[in-house]
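Here the structure is laid out as structure tokens; the discussion comes afterwards.
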Amino acid sequence: MEPTPEWAEKEDAEDPLAMFREEFLLPDGVIQLNGNSLGPLPRSVPDAVERVVRREWGEHLIGGWWDDGWWEAPVRVGDRIGRLIGAGPGQTVVGESTSVQLFNAVTAAARLCPGRGVLVSDAANFPTDRYLAASVARLLGLELVETPVDGLGRVLARHRGEVGPVLLGAVDFRTGALTDIARTTAQVRGAGGVTVWDLSHAAGAVPVEADAAGVDLAVGCGYKYLCGGPGAPAFLYAAARHHAALDLPVTGWHGHAQPFDMADEFVPAAGIDRARTGTPHVLSLLALEAALEPLEAAGVEAVRRKSLRLGEYLIQLVASVLSASGLRVVTPSDPDRRGGHVALRCPGAPEVSAALKVRGVLTDARPPDLLRLCLNGLYVSYTDVFRAVTALRDVLADGEVTR
Ligand SMILES: *Cc1c(COP(=O)(O)O)cnc(C)c1O
């Protein structure tokens, strides 16, 4: 790897995923390195949405539920996302916001281990997750224990026999550190607890292997690496072994065993259908379905391989081109411990990110001083990484940013 535009161009010319860049409608001259906040618009989406609105809704009206497959969409799209996270069919459903799915999953996890009074929550997790964990603990009268993932062993030992639901982030949304999902899940299961993984920063970015890793429950949003667009519905995965006992608090008639009986009492459907709620957000759901096409065609493994290499290149460029800047990479250098983005400790990160945006490089900042660069191999090139680092060097050298 060399810090030259020629090296980057040569890599791009040999990149087997290079053609996927054309599958995204990115504005000219924009380098999108904040796809972990909102993924770009896949070319497949606008026509799909147009078809759903004009033909399915406009012409077929209520017939769309059957003739156009709206009724099955939450589980059909769920299976497609399931394949991307290593889940066999019939274990993933799509619908609702991330908050609702988290509430659903964490409460259901607590109900899977009655009598256990401690709810453990990842202290470095995304705010929504931490708020929801606290809310569920309050609602169910559980003791909330927050811990960083590397302190989990101590918490399980201190609360031996008491820990029930354990809500963890797979990839740290700040540092980009990836947790060993299989090992941690086994650790929690060994202590009698039930894991709920938030895969928002993992789905579509890293090969999760949900089934093989023995994951109990998982949740993730649809608009980051899955590119489902703003407000895309979230997904919920529940391992088949839990289905019979899975008691989800957010119920709706689509999750009923006999939805069209309009019965007085809720009887959950068999299998993952019980995780459906009421009428789903069909337009957003079908936009998300269309958005999965390029990722499915490329394959998560290939995207991951390239993303790691882009990250390696970025880390090397920071060490060479930006060596005088005082920036530090906070993301683990071990590829097995790295998620889809690389975070730099950069004083004045919000101002630096704003100055980069003026130069066409989209990044984001997270308090207190982290600059995040998302390296999605589906649409980011080696030349993009080289240009982004050059822009960063210029921004820092110009003194246009007060740090
Ligand atoms: C992005 C993200 C969310 C987003 O929650 P919304 O309700 O969709 O805003 C939740 N959890 C994690 C870990 C995330 O990375």
Side-chain angles (χ1 to χ4, degrees), residues 32-40 77-78 81 84-85 92-107 109 119-136 146-149 152 165-181 184-185 195-206 208 210 215-237 250 277 280-281 284-285 287-288 291 307 330-331 338-343 362-367 370 372-376:
Q32 205 205 359
L33 304 181
N34 63 358
N36 53 345
S37 282
L38 178 68
V77 184
I81 291 177
L84 298 170
I85 59 167
T92 312
V93 82
V94 182
E96 307 295 347
S97 67
T98 321
S99 302
V100 171
Q101 294 294 29
L102 280 167
F103 173 74
N104 229 1
V106 175
T107 306
L119 188 164
V120 177
S121 168
D122 177 353
N125 215 340
F126 193 79
T128 295
D129 300 62
R130 296 178 60 198
Y131 305 157
L132 250 310
S135 175
V136 171
E146 286 205 310
T147 174
V149 178
L152 185 59
V166 179
L167 174 61
L168 300 162
V171 176
D172 187 308
F173 80 103
R174 292 191 183 86
T175 66
L178 171 66
T179 297
D180 185 333
I181 296 175
T184 311
T185 300
T195 44
V196 179
W197 285 98
D198 191 318
L199 302 178
S200 292
H201 273 274
V206 301
V208 172
V215 168
D216 296 295
L217 295 157
V219 162
C221 65
Y223 51 79
K224 291 172 179 165
Y225 296 87
L226 301 179
C227 296
F235 65 87
L236 181 148
Y237 161 92
V250 183
T277 55
H281 303 101
S284 303
L285 181 56
L288 169 60
S307 298
V330 301
T331 308
R338 221 156 71 212
H341 71 269
V342 170
L362 304 184
T363 60
D364 64 22
R366 286 293 175 264
L370 291 182
R372 298 193 311 182
L373 300 102
C374 173
L375 306 165
N376 190 331

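One is the number of the first residue; the rest follow in order along the sequence. Order of appearance sets the numbers: ligands from 1, and atoms from 1 within every ligand.
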At less than 4.0 angstrom from any non-hydrogen atom of [X], what atoms of ligand 1 do you find?
X	result
Ser99	7 (O)
His201	15 (O)
Thr98	5 (O), 6 (P), 7 (O), 8 (O), 10 (C)
Asp198	10 (C), 11 (N), 12 (C), 13 (C)
Asn125	13 (C)

Does an N or O anywhere in Lys224 fall below 3.5 Å from an N or O of ligand 1?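 Yes, there is a polar N/O contact under 3.5 Å.
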Contact (N/O only, under 3.5 Å) between Asp129 and ligand 1: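 Yes - when backbone and side-chain N and O of Asp129 are compared with those of ligand 1, one distance drops under 3.5 Å.
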Closest non-hydrogen atom pair between [X] and [Y], with its separation:
X	Y	result
Cys374	Asn36	CB-OD1, 3.3 Å
Leu178	Gly339	CB-N, 3.9 Å
Leu288	Gly228	CD1-CA, 3.7 Å
Asn104	Val250	OD1-N, 3.0 Å

Check against side chain to side chain contact (heavy atoms under 4.5 Å, CB included), Ile85 and Leu199: CA-CA 9 Å; Ile85 59 167; Leu199 302 178; 4.1 Å; yes
Measure up the Phe173 and His201 rings against each other and bin them: parallel (under 30°), tilted (30 to 60°), perpendicular (over 60°).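 It falls in the tilted class, 30° to 60°.
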Looking just at side-chain N and O atoms, do Thr185 and Trp197 make a donor-acceptor pair shorter than 3.5 Å?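 Result is yes, a qualifying pair exists.
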Considering only non-hydrogen protein atoms, determine which one is nearest to atom 4 (C) of ligand 1 and report residue, atom name and distance to 0.1 Å.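 Ranked first by proximity to atom 4 (C) of ligand 1 is Tyr223 OH, 3.1 Å.
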Is Ser200 touching ligand 1 with its side chain, its backbone, both, or neither, if touching means heavy atoms under 4.0 Å apart?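 Only the side chain of Ser200 comes within reach of ligand 1.
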